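Okay, structure first, notes after.
Note that the coordinates shown come from a computational prediction; the quantities given were computed from them, not determined experimentally. Letters A, B, ... mirror the listed sequences (proteins, then strands); counts begin at 1.
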Amino acid sequence: MKIEKIKGFRDHYPEDMEIREYFFKKITDTAENFGYKRIDFPSLEPLDLYRLKSGTELVNQTFSFVDKGGREVTMIPEATPSTVRLLTARKDLPRPIRWYSFPKVWRYEEPQEGRFREHYQFNADMFGIDSEETDAEIVGLASSILDYLGLSGVYEININDRFLMEYILDDLGIGNIPEAFSIIDKYKKLDRASFSSLLNGIGAGEDVVKKILSLLSEKTDTGGLEKKVKKIVKNYDEIKPRIDRIKKTFELIGLYTESTINFDFSIVRGLSYYTGIVFEAFDVKGELRAILGGGRYNGLSKLFTDEEIPAVGFAIGDAVIELLLKRQDLWVKRNLKESYYICNLSGSDDEYIIKIASRIRSLNKIALVDMTHRKISSQIKSASGCNYAIIIGDREVEENTVTVKNMETSEQSTVGYDDFLLHLRNRTS
RNA sequence: GCCGGGGUGGGGUAAUGGACAUCCUUGGGGACUGUGGAUCCCCGGACCCGGGUUCGAUUCCCGGUCCCGGCCCCA
């Protein structure tokens, strides 16, 4: 019986995994170099964790079921609630707290380009301080990761501020702000007419719609932001401190990356829990969905505790990153460790061969012992993925020598065992 | 959940209402008893599943499933 893979899930064979792990490690290395510590949590959480946070809509898009104990549980659709649960369970942690995680997350949706029902999602969050500096570090970490992956110049980061946005919408007399966000979120997908009529639908008059359109019309720098807001709000001085904070944040982000950073009023993000900066990274060609996204969510800790703990973070899914790296021709195998394929000619000495392999491994290099006992040409063919072939036959065993063939240059030499060890150590240092 | 396009050996493909289903590649073996990572030869391996039409279906029809892409939604 043939069992097919479950829809929207992926298999990964070694040739994929090698590349995948290379890039995953780049991501986690960057986070660790910023002082972020890894955490982990269950893949299964109570469904209520997501009900509380985002209402019933989301529940339809999760892998949820009732377990044998009658509990409603969910395959985690995102990491943030779990992360905050861990955070609030510990009162002793010195702040700020810098954490990252790299779980699999699940969502029950139709698969399409850059989206699967199961994917890896890297998350980084900082808790305890609400400031320009912390906002900028999180955006800076996000861009540093992309830069370190080799994507400099390939992406840009678009930033908005929910606090500012809410102030403006309120100032414009919009009553239903969550609904307004939901409409603004669709700005890029709708034509002007249907966008306007949706806004009319929540009580926005023509002049208000015009003002909103002027905000959304194009991405801008902080100077442009200031001008746009001045033109629209009734009392600019009231919101000026927030604008100043955003300007300062942009300045600081510029210290982390050369990449383009825009202010973009159309970046809203679906989640209702954001309270400050929100941002997304896109490929500059605009061909793919968002590469990463995040923002400040100071209120979320209230789900678990009375204390409001400042929080800012972001998440990167592996799917879009992989697409982008492939389009940049960066998705290629790299030999990180030197590898040796030990050709074991029949009649040779297992003890000698395993001794050599162990010495190679003790220097954190790869040693692979041929166990097929095929003719030498086949064994050498098997060695072609490695940096070196080592040929051990009766001759080498008797004379206590090692024949080393460089698989890239085809150069070959037979050296004494001790000289070989010297060669290994030299290449290590 | 909805819409469109697909599904032939492990990967990539060709053809076909009827006989042994094509080619490339990968894998195994040999020519070839220590270098021949080449070349040549041999071998293994497939019509997504179920139902229908038909004397006969891999081929035509219907349903399902999975893949690719789009919508919805987006953590």
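- Not one N or O on the side chain of A:Asp185 forms a donor-acceptor pair closer than 3.5 Å with the backbone of A:Val268.
- Applying the side-chain contact (heavy atoms from CB on, under 4.5 Å) test to A:Leu336 and every residue at least two apart in sequence or in another chain returns A:Tyr22, A:Arg334.
- Taking a pair to require two hydrogen-bonding distances under 3.5 Å in either a Watson-Crick or a G-U wobble arrangement, B:G1 pairs with B:C71.
- Taking atom NZ on A:Lys189 and atom C1' on B:C73, their separation rounds to 7 Å, with Å as the unit.
- Relative to the six-membered ring of A:Phe181, A:Arg162 meets both conditions, a distance below 6.0 Å and an angle of at most 45° to the axis.
- Base pairing of B:C40: its partner is B:G30, meeting the Watson-Crick or G-U wobble criterion (both donor-acceptor distances under 3.5 Å).
- In a base pair of the Watson-Crick type (N1 to N3 plus N6-O4 or O6-N4) or a G-U wobble (N1-O2 and O6-N3), with each distance short of 3.5 Å, B:A21 is matched with no nucleotide.
- Regarding A:Tyr297, its OH atom lies at a distance of 14 Å from the P atom of B:A75, rounded to whole Å.
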- Query: When you look at A:Leu330 and A:Leu151, which way does the side-chain contact (heavy atoms from CB on, under 4.5 Å) test go after all the steps?
  - Reply: CA-CA 9 Å; A:Leu330 294 169; A:Leu151 295 172; 4.2 Å; yes
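- Residue contacts for A:Lys186: at a heavy-atom cut-off of 4.0 Å it reaches the sugar-phosphate backbone alone, with no base atom in range.
- The P atoms of B:C43 and B:G1 are separated by 48 Å, rounded to the nearest whole Å.
- The CG-P distance, from A:Asp16 to B:G11, rounds to 13 Å in whole Å.
- Every residue two or more places apart in sequence or in another chain that forms a side-chain contact (heavy atoms from CB on, under 4.5 Å) with A:Thr372 is listed here: A:Asp370, A:Arg374, A:Gln379.
- Whole-Å rounding puts the A:Ile316 CD1 to B:A75 P distance at 16 Å.
- Rounded to a whole angstrom, the distance from the C1' atom of B:G17 to that of B:U26 is 33 Å.
- Rounded to whole Å, the separation between the C1' atoms of B:G5 and B:U39 comes to 43 Å.
- Taking atom C1' in both B:C61 and B:C2, one finds a spacing of 24 Å when rounded to whole Å.
- Of all nucleotides listed (B:G1, B:A75, B:G37), B:G37 comes nearest to the side chain of A:Ser410.
- Residues A:Ser266 and A:Lys188 bring a donor and an acceptor atom of their side chains to less than 3.5 Å of each other.
- Rounded to whole Å, the separation between the P atoms of B:U22 and B:A31 comes to 28 Å.
- Contacts of A:Glu322 classified as side-chain hydrogen bond (donor to acceptor under 3.5 Å, both in side chains), with partners at least two apart in sequence or in another chain: A:Arg20, A:Lys326.
- For the pair A:Asp125 CG and B:A75 C1', the interatomic distance rounds to 13 Å; values are reported in whole Å.
- A distance of about 28 Å separates the P atoms of B:G4 and B:A75, rounded to the whole Å.
- Distance noted for atom P between B:A46 and B:U33: 32 Å (whole Å).
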Below 3.5 Å is the cut-off: list the nitrogen or oxygen pairs between protein and nucleotides 63-69 of chain B, distance only.
unit_1, atom_1, unit_2, atom_2, d
B:U65, O2', A:Glu4, OE1, 2.7
B:C66, O4', A:Glu4, OE1, 3.4
B:C67, OP1, A:Gly8, N, 2.8

- Item | Letter per nucleotide, 5' to 3', of nucleotides 29-36 of chain B [B base touched, S only sugar-phosphate touched, - untouched; heavy atoms, 4.0 Å] | SB---BB-
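- Cation-pi check for A:Lys365 over A:Tyr388 is not met; the charged atom does not lie both under 6.0 angstrom from the ring centroid and within 45 degrees of its normal.
- If you check the side chains of A:Asp147 and A:Tyr256, you find no donor sitting under 3.5 Å from an acceptor.
- For the pair A:Arg117 CZ and B:C74 C1', the interatomic distance rounds to 14 Å; values are reported in whole Å.
- Side-chain contact of A:Tyr100 with A:Glu32: a donor-acceptor pair under 3.5 Å is present, judged by distance alone.
- Judged by atom type and distance alone, A:Arg115 reaches the base of B:C74 through a side-chain donor-acceptor pair under 3.5 Å.
- Nucleotide B:C74 holds its C1' atom 12 Å from the CZ atom of A:Phe282, rounded to whole Å.
- The distance from atom CZ of A:Phe181 to atom P of B:C74 is 14 Å, rounded to the nearest whole Å.
- Comparing the P positions of B:C67 and B:G12 gives a spacing of 15 Å, expressed to the nearest Å.
- Summary of the strand contacts: A:Met407 and A:Tyr108 both lie near RNA chain B, and taking for each the nucleotide with the nearest heavy atom, the more 5' one is attributed to A:Tyr108.
- For A:Glu307, the side-chain contact (heavy atoms from CB on, under 4.5 Å) criterion is met by A:Arg95, A:Thr305, A:Ile309, not counting sequence neighbours.
- No N or O donor and acceptor, one from the side chain of A:Gln121 and one from the base of B:A75, sit under 3.5 Å apart.
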